[in-house]
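Heads up, the thing below is written out as structure tokens.
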Amino acid sequence: MEILLKIVLVIFSVGLIAVVLLQKGKSAGLSGAITGGAEHLFGKQKARGLDLFLQRLTVVLAIGFFILALVVSYFVKQ
């Protein structure tokens, strides 16, 4: 069971890395990081199509990775 969970954790981590790398950059540089967050917060840039799918897939994979990491650490601890 522990080995299976570790394999699934590796699959989630590789998938998460791939999905993040497939997304295009929202902004560039330090000024883009500051203003890009405000634009995203107030909804000036709406994701559509593939961008929306990748964004949602990133959230799902990140949540799955976090939960699996906690479960694997619990089983290793015992």
Handout entry: Stepwise side-chain contact (heavy atoms from CB on, under 4.5 Å) check, Glu2 with Val72
Key = CA-CA 7 Å; Glu2 181 181 338; Val72 168; 5.6 Å; no
Could you give the distance from [atom1] ([X]) to [atom2] ([Y]), rounded to the nearest 0.5 Å?
X: Leu22; Y: Phe53; atom1: CG; atom2: CZ; value: 10.5 Å
X: Ile11; Y: Ile7; atom1: CD1; atom2: CD1; value: 7.0 Å
X: Ile17; Y: Phe65; atom1: CD1; atom2: CZ; value: 8.0 Å

Problem - Closest non-hydrogen atom pair between Leu54 and Gln23, with its separation - result: O-NE2, 3.2 Å
Handout entry: Nearest non-hydrogen partners of Leu68 and Phe12, listed with the distance
Key = CD1-CD1, 3.6 Å
Problem - Atom CG of Leu4: over 12 foreign heavy atoms under 6.0 Å - result: yes
Exercise for the section: Sort out for me which residue in Val59, Ile63, Leu57, Thr58 forms a side-chain contact (heavy atoms from CB on, under 4.5 Å) with Leu61. Expected result: Leu57
Problem - Within one Ile-Leu-Val-Met-Phe-Trp-Tyr cluster: Val19 and Leu50, side-chain cutoff 4.5 Å - result: yes
Handout entry: Transitive ILVMFWY side-chain link Leu21 to Val10, under 4.5 Å
Key = no
